[in-house]
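See below for the structure under consideration.
Here is the naming used below: chain letters follow the sequence lines, and residue numbers restart at 1 for every chain. This structure is a prediction, so every number in the text was calculated from the model and none was measured.
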Protein chains: 2
Amino acid sequence: MKKSSLYKGCLEPILLRLLKDHGRMYGYQMTQMVKDITKGELNITEGALYPLLHKLEEQGIVETETEMIGNRMRKYYSLTKAGKKQTSIAMEEMKAFMQSLEYIVNPKIALG
Amino acid sequence: MKKSSLYKGCLEPILLRLLKDHGRMYGYQMTQMVKDITKGELNITEGALYPLLHKLEEQGIVETETEMIGNRMRKYYSLTKAGKKQTSIAMEEMKAFMQSLEYIVNPKIALG
DNA sequence: GTATATACATAAGAAAATTATGTATATTTT
DNA sequence: AAAATATACATAATTTTCTTATGTATATAC
């Protein structure tokens, strides 16, 4: 995803969050939206993205519809019912994770 | 470090931050302090901790002093001059990372 | 005296990314 | 009109980073 390896482990919840907020999305669109939202900070690589999306599909977290736009393929992903439940859990974990990081990186403010 | 793989990639900056804030520390102490600060959220495993500390020492980021407390060894770590510089960089990266996560997980607030 | 806590260390394996490569169409730049 | 960039998917090889398991040894609590 990026040189600075901080993002390792966060890709799945990030994608779930995107799908939760924006409904149906295709892979390339996800990479562009994340790049935009984070002002270029976070660049998802294809080698990380597509295998993960395929895994989520296998697990029944997302479902897909393939469309032809002009002559080009697009594979749209959306959360299943199970996926929505899973996303709620993932968001709670993210919240706790981010709070923990805050405690460490900004102890004075965090404890106040 | 934990089941929920979110923390992957964050261990090194966390340790650097601890050493920056508390000066001289030993490994076990780091694990306990992180556990305390994060209210049990973040449990650093020995298999992650010690190899990383050794790597940081090899890289000249930290230096060590071994002491005997009673009959038991303690290996104290502290930041070198290069380590302090490296820590500043790592903290800037952490800040950007956390901001990016905020943008994604909490888009409305983050954009305000 | 048994369990838990303190304190280090390393090896095997798994998880999650990066980098490289491949295919193909569409658009922009020169 | 050719070349470069952008769009859009995919997979394989490798690297990074962690978990799990194992090992040694002392100290403290029950």
Review point. Should B:Ile104 and A:Asp21 count as side-chain neighbours, where that means a heavy-atom distance under 4.5 Å?
Key: no
Check your understanding: Going by heavy atoms in the side chains, are A:Thr45 and A:Thr31 under 4.5 Å from each other?
Key -> no
Point to revise | Short side-chain N/O contact from B:Arg72 to OP1 or OP2 of D:dA27, under 4.0 Å | key: no
Check your understanding: What is the nucleic acid contact for A:Gly27, judged by heavy atoms within less than 4.0 Å: base, sugar-phosphate only, or nothing?
Key -> sugar-phosphate
Check your understanding: How is A:Ile69 classified with respect to the nucleic acid when contacts are heavy atoms under 4.0 Å: base, sugar-phosphate, or nothing?
Key -> nothing
Residues 60-69 of chain A side chain polar contacts: donor-acceptor under 3.5 Å, at least two apart:
{"unit_1": "A:Thr64", "atom_1": "OG1", "unit_2": "A:Glu57", "atom_2": "OE2", "d": "2.9"}
{"unit_1": "A:Glu65", "atom_1": "OE1", "unit_2": "A:Arg24", "atom_2": "NH1", "d": "3.0"}
{"unit_1": "A:Glu67", "atom_1": "OE2", "unit_2": "A:Arg24", "atom_2": "NH1", "d": "3.1"}
{"unit_1": "A:Glu67", "atom_1": "OE2", "unit_2": "A:Arg24", "atom_2": "NH2", "d": "3.0"}

Exercise for review: Can you figure out which of C:dA7, C:dC8, D:dA6 approaches the side chain of B:Lys75 most closely?
Suggested key: C:dC8
Study note, to complete from the structure: From the candidates D:dT17, C:dT21, C:dC8, the one with an atom nearest any side-chain atom of B:Glu46 is C:dC8
Revision key, fill the gap. Which of B:Lys20, B:Glu92, B:Glu12 passes side-chain contact (heavy atoms from CB on, under 4.5 Å) with B:Thr87? It is B:Lys20
Review point. Any side-chain heavy atom of A:Leu101 within less than 4.5 Å of one from B:Phe97?
Key: yes
Review point. Which whole-number value in Å describes the distance from B:Leu15 CG to D:dT17 P?
Key: 13 Å
Exercise for review: In whole angstrom, give the distance that lies between atom CG of A:Leu6 and atom P of D:dT17.
Suggested key: 10 Å
Exercise for review: Taking only the side-chain heavy atoms of A:Asn71 (C-beta and beyond), determine which of C:dT25, C:dT19, D:dT17 contains the nearest atom.
Suggested key: C:dT25
Check your understanding: Is A:Gly9 touching bases, backbone alone, or none of the nucleic acid, heavy atoms closer than 4.0 Å?
Key -> sugar-phosphate
Review point. Rounded to the nearest Å, what distance is computed from the OH atom of residue B:Tyr26 to the P atom of nucleotide C:dT6?
Key: 8 Å
**Study point:** Nearest-Å distance for atom pair CD/P, residues A:Gln29 and D:dA6
**Key:** 18 Å
Check your understanding: Rounding to a whole Å, what distance do you find between B:Gln59:CD and D:dT16:P?
Key -> 11 Å
Exercise for review: Taking only the side-chain nitrogens and oxygens of A:Ser5, find out if one of them lies under 4.0 Å from OP1 or OP2 of D:dT17.
Suggested key: yes
Review point. Can you tell me if the side-chain N/O atoms of A:Tyr50 get under 4.0 Å from OP1 or OP2 in D:dC9?
Key: yes
**Study point:** Residue whose closest nucleotide on DNA chain C lies nearer the 5' end, B:Gln32 versus A:Ala48
**Key:** B:Gln32
**Study point:** From D:dT7, C:dA7, D:dT17, nucleotide with atom closest to A:Lys8 side chain
**Key:** D:dT17
Review point. Where the side chain of A:Tyr28 is concerned, which of C:dA17, D:dC9, C:dA7 is the nearest nucleotide?
Key: D:dC9
Review point. What is the distance from CG of B:Asn43 to C1' of C:dT6, rounded to the nearest Å?
Key: 16 Å
Point to revise | Interatomic distance, B:Ile44 CD1 vs C:dA7 P [rounded to whole Å] | key: 15 Å
Review point. Is the distance from OP1 or OP2 of C:dA17 to the nearest side-chain N or O of A:Tyr7 less than 4.0 Å?
Key: no
Check your understanding: Rounded to the Å, how far apart are A:Glu67 CD and C:dT25 C1'?
Key -> 17 Å
Check your understanding: Do B:Met91 and B:Pro13 touch side chain to side chain, with heavy atoms closer than 4.5 Å?
Key -> yes
Review point. Closer than 4.0 Å, any side-chain N/O of B:His54 to the OP1 or OP2 of C:dC8?
Key: no
